[in-house]
Amino acid sequence: MTSLDDIPVTQLKGVGSALADTLAKLGIHSVQDLLFHLPHRYEDRTRVVPMGSLRIGDVAVAEGEVMKTDLVMGRRRSLQVTLRDDSGFLVMRFFHFNAAQKNQLAEGARVRCFGEVRPGRAGYEFYHPEYQINPSPMPAAEEATLTPVYPLTEGIQQPRVRSLCQQALGYLERFPIKDWLPPELLADFQLPGISDAVKLVHSPPAGSPVHSLLEGRHPAQQRLVMEELLAHQLSLLRVRQQIQARQALPLLPTGDLPEQFLEQLPFSLTGAQKHVVQDIRQDLSQPIPMLRLVQGDVGSGKTVVAALAAIQALGSGAQVALMAPTEILAEQHYRNFAGWLEPLGVRLAWISGKVKGKARQEALAAVAEGDAQVAIGTHALFQDEVKFQRLALVIVDEQHRFGVHQRLALREKGVGGSLAPHQLIMTATPIPRTLAMSAYADLDTSVIDELPPGRKPIETIVLPDSRRDDIVERVRNACQDGRQAYWVCTLIEESEALQCQAAEVTAQELSERLADLKVGLVHGRLKAQQKADVMERFKNGELDLLVATTVIEVGVDVPNASLIIIENPERLGLAQLHQLRGRVGRGHQASFCVLMYHPPLSNNGKARLQALRDSQDGFFIAEKDLEIRGPGEVLGTRQTGLMQFRLAEFERDKGWIEPVKEMAPALMKQPRVVDALIRRWLGANIRYGEV
Ligand code: ADP
Ligand code: MG
């Protein structure tokens with residue numbers, strides 16, 4: 001029997017090849033795709049809102065009497081129609097209008113209009129609203145319905161999509177959508193079948209509960225949300241299944257490299273580090289590829305764990321790639337690893353975008369011929385020209401800074417033939433559990449839930465920038481006591497050039513005011529070598545104060561630094577601030593973080609800085625961040641599309657994550673169902689599902 005998936009949209013009335021091309025841009029090819037092109041919100045045209053209670057951004061129906069109609073000259077000529085009702089006033093403004101319109105909208109006329117509230121010269125305004133003169137009575141509440149609003153693309157408007165969806169609904173009678181979920185399951189959760197849910201969401205019948213629809217909590221919407229979350233979960237599990245269907249080189253511990261390494265460390269591992277090392281050792285010894293995520297708060301000591309994983313791989317004569325998201329961090333890892341491993345006879349290669357010419361050729365050759373056992377670098381390691389002889393372990397540090405695609409791309413560099421490399425993913429952004437369950441369903445997780453001993457809590461102080469002079473003195477005192485400090489300049493991230501410029505100005509100013517201190521500067525526009533030199537001088541104590549942009553956000557480790565000043569913290573996300581703050585508190589002295597904000601702070605801004613002041617628990621902070629900013633920001637995967645849902649909203653729907661995780665394994669046994677659900681919800685966009 002034909003299914004809706006096999007019926008191309010061109011079968012619909014009025015859809016020619018041009019419109020079909022436009023629809024394709026929305027991922028719509030079949031009638032079924034159209035039915036799963038779901039409204040992302042509704043307009044409530046079911047009731048008239050009193051003008052006095054309208055707020056900026058509201059999309060609403062208002063109704064009143066024309067008080068006056070003026071032709072306003074200004075920069076652009078416009079027709080300004082002032083309406084009033086019992087509660088207040090509202091202006092309708094038209095930039096395009098004709099004489100007839102102007103005459104109809106005469107004083108005393110009764111008008112109902114629909115638009116979005118904007119602030120204007122004359123109070124709240126609707127620009128070019130839809131309107132009706134002498135309107136027909138509003139439908140009674142039980143007959144009123146919400147109007148769906150769909151995601152659009154260039155070349156297609158709301159009414160067109162609406163009518164196409166209505167047409168598509170007409171097919172449901174003859175070709176119901178296949179329901180892949182077991183009826184018992186739907187009954188358990190009291191959810192409707194798929195065809196009913198789709199129908200209701202596109203075309204809520206009169207009398208449907210308006211509030212629950214507007215909030216996305218109607219059972220029909222929840223049914224779809226659940227299926228969508230399930231489809232995402234299944235797609236990640238399938239990635240995992242496909243990877244693990246390949247073989248990996250079992251990396252068995254041989255020789256005494258690990259013991260030698262541990263002996264030369266100036267500290268012993270924490271219990272948490274030992275656990276995680278044990279998990280990794282267990283995975284690596286298997287002939288199936290490891291897929292493990294290590295989460296550990298800032299400063300929990302992930303680098304040593306990475307080094308031990310690398311050492312374990314080397315025992316079997318294999319190669320390891322270690323990738324970091326920034327030059328500064330990659331360089332720091334390279335130096336650390338060189339210090340730890342070269343004395344043990346391990347050969348390293350350093351590959352970043354900035355390594356050029358002969359040095360690059362040599363590094364590439366060493367990796368290709370297997371002379372270099374550990375290659376360390378930035379995402380330059382992904383490039384095609386980097387060929388490994390026998391890559392068996394890929395370690396990705398601070399993964400939240402990379403896209404999911406990049407993480408999955410390195411895996412392609414595996415040992416030739418059918419062998420896949422083991423993967424170890426490290427992240428310092430503590431990922432709220434619910435988010436981790438859905439975004440990293442393809443990975444096993446280990447947590448370093450303990451900081452090395454002797455760490456003192458970081459005291460966080462929130463001050464307005466009017467106290468700048470005091471803060472500068474504080475820096476002077478700390479440095480005169482032999483401690484070191486960071487001064488972080490933040491500017492809107494989009495403009496790296498401006499950010500660097502601001503840091504330059506600040507560094508200049510601070511080195512004049514703090515003439516007795518040695519001040520260094522590091523930002524993204526310096527050459528790699530310059531950056532490395534400055535970092536090295538700061539690390540070995542030649543510099544007292546390091547002025548920096550947010551390039552030092554991840555990974556940088558200078559234990560003697562115990563004071564960090566962050567300018568304009570209100571511009572940054574909580575997780576990012578937590579990362580920055582984590583640059584201090586790595587040694588034995590008491591550490592301080594000064595958040596120097598620019599007043600006035602919004603309420604939200606205040607709450608955020610307070611959360612940071614009151615807590616040093618990365619997980620708590622990440623939960624807050626998730627609440628405030630949503631999962632795309634927290635994971636840094638916005639561009640990858642991983643967490644872009646059609647209907648699901650993380651905060652509202654997180655209650656589904658647990659049940660969805662429980663149902664997934666049973667469904668995985670039915671590949672046909674998995675394929676169908678992934679295709680239905682992720683369509684052609686599911687690039688990361690390809691192996
Ligand atoms: P992360 O990458 O998790 O933020 P790092 O690996 O940079 O943390 O480690 C932070 C600091 O703690 C480093 O100076 C490191 O040498 C030190 N460190 C790591 N593990 C221990 C330990 N078990 N005991 C004492 N210090 C440790
Ligand atoms: Mg680190």
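The first residue of the sequence shown is numbered 1, and numbering continues consecutively from there. All ligand and atom numbering here is 1-based and tracks the order in the structure.
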Protein heavy atom at shortest distance from [atom]:
{"atom": "atom 13 (C) of ligand 1", "value": "Asp557 OD2, 3.0 Å"}
{"atom": "atom 7 (O) of ligand 1", "value": "Arg586 NH1, 3.1 Å"}
{"atom": "atom 20 (N) of ligand 1", "value": "Gln273 NE2, 3.0 Å"}
{"atom": "atom 6 (O) of ligand 1", "value": "Thr303 OG1, 2.6 Å"}
{"atom": "atom 4 (O) of ligand 1", "value": "Gly299 N, 2.7 Å"}
{"atom": "atom 9 (O) of ligand 1", "value": "Gly301 CA, 3.6 Å"}
{"atom": "atom 1 (P) of ligand 1", "value": "Lys302 NZ, 3.4 Å"}
{"atom": "atom 21 (C) of ligand 1", "value": "Phe267 CE1, 3.3 Å"}

- request: Could you tell me whether ligand 1 has any atom less than 4.0 Å away from a heavy atom of Pro266?
  value: no
message: Is Gly296 close enough to touch ligand 1? Criterion: a residue heavy atom under 4.0 Å from a ligand atom.
response: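 Distance cut 4.0 Å: Gly296 fails for ligand 1.
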Of the side chain and backbone of [X], name the one, both, or neither that has a heavy atom under 4.0 Å from an atom of ligand 1.
{"X": "Arg455", "answer": "side chain"}
{"X": "Thr270", "answer": "both"}
{"X": "Met426", "answer": "neither"}

For [X], atoms of ligand 1 separated by under 4.0 Å from a heavy atom:
{"X": "Ser268", "value": "22 (C), 23 (N), 24 (N)"}
{"X": "Val298", "value": "4 (O)"}
{"X": "Leu269", "value": "23 (N)"}

task: State whether the side chain of Gln319 and the backbone N or O of Ala375 hold a donor-acceptor pair below 3.5 Å, judged by distance alone.
output: no
- request: Would you please test Asp516 and Gln480 for side chain to side chain donor-acceptor pair (under 3.5 Å) and show each step?
  value: CA-CA 9 Å; Asp516 39 348; Gln480 279 172 347; 2.8 Å; yes
[X]-[Y] side chain donor-acceptor pair, cut-off 3.5 Å:
{"X": "Gln332", "Y": "Asn336", "value": "no"}
{"X": "Thr490", "Y": "Glu567", "value": "no"}
{"X": "Gln484", "Y": "Asn560", "value": "yes"}
{"X": "His523", "Y": "Glu504", "value": "yes"}

query: Within a reach of under 6.0 Å around CZ of Arg347, are more than 12 heavy atoms found that belong to other residues, nucleotides or ligands?
result: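 Buried by this count: over 12 neighbours within 6.0 Å.
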message: I need the Ser562 OG to His588 NE2 distance, nearest 0.5 Å.
response: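 Spacing of OG (Ser562) from NE2 (His588) equals 13.0 Å.
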- prompt: Do we get Arg581 above Tyr486's six-membered ring, with its NZ or CZ under 6.0 Å from the centre and within 45° of the axis?
  reply: no
task: May I ask you to say whether Asp481 pairs ionically with Arg476, meaning some side-chain N is under 4.0 Å from a carboxylate O?
output: no
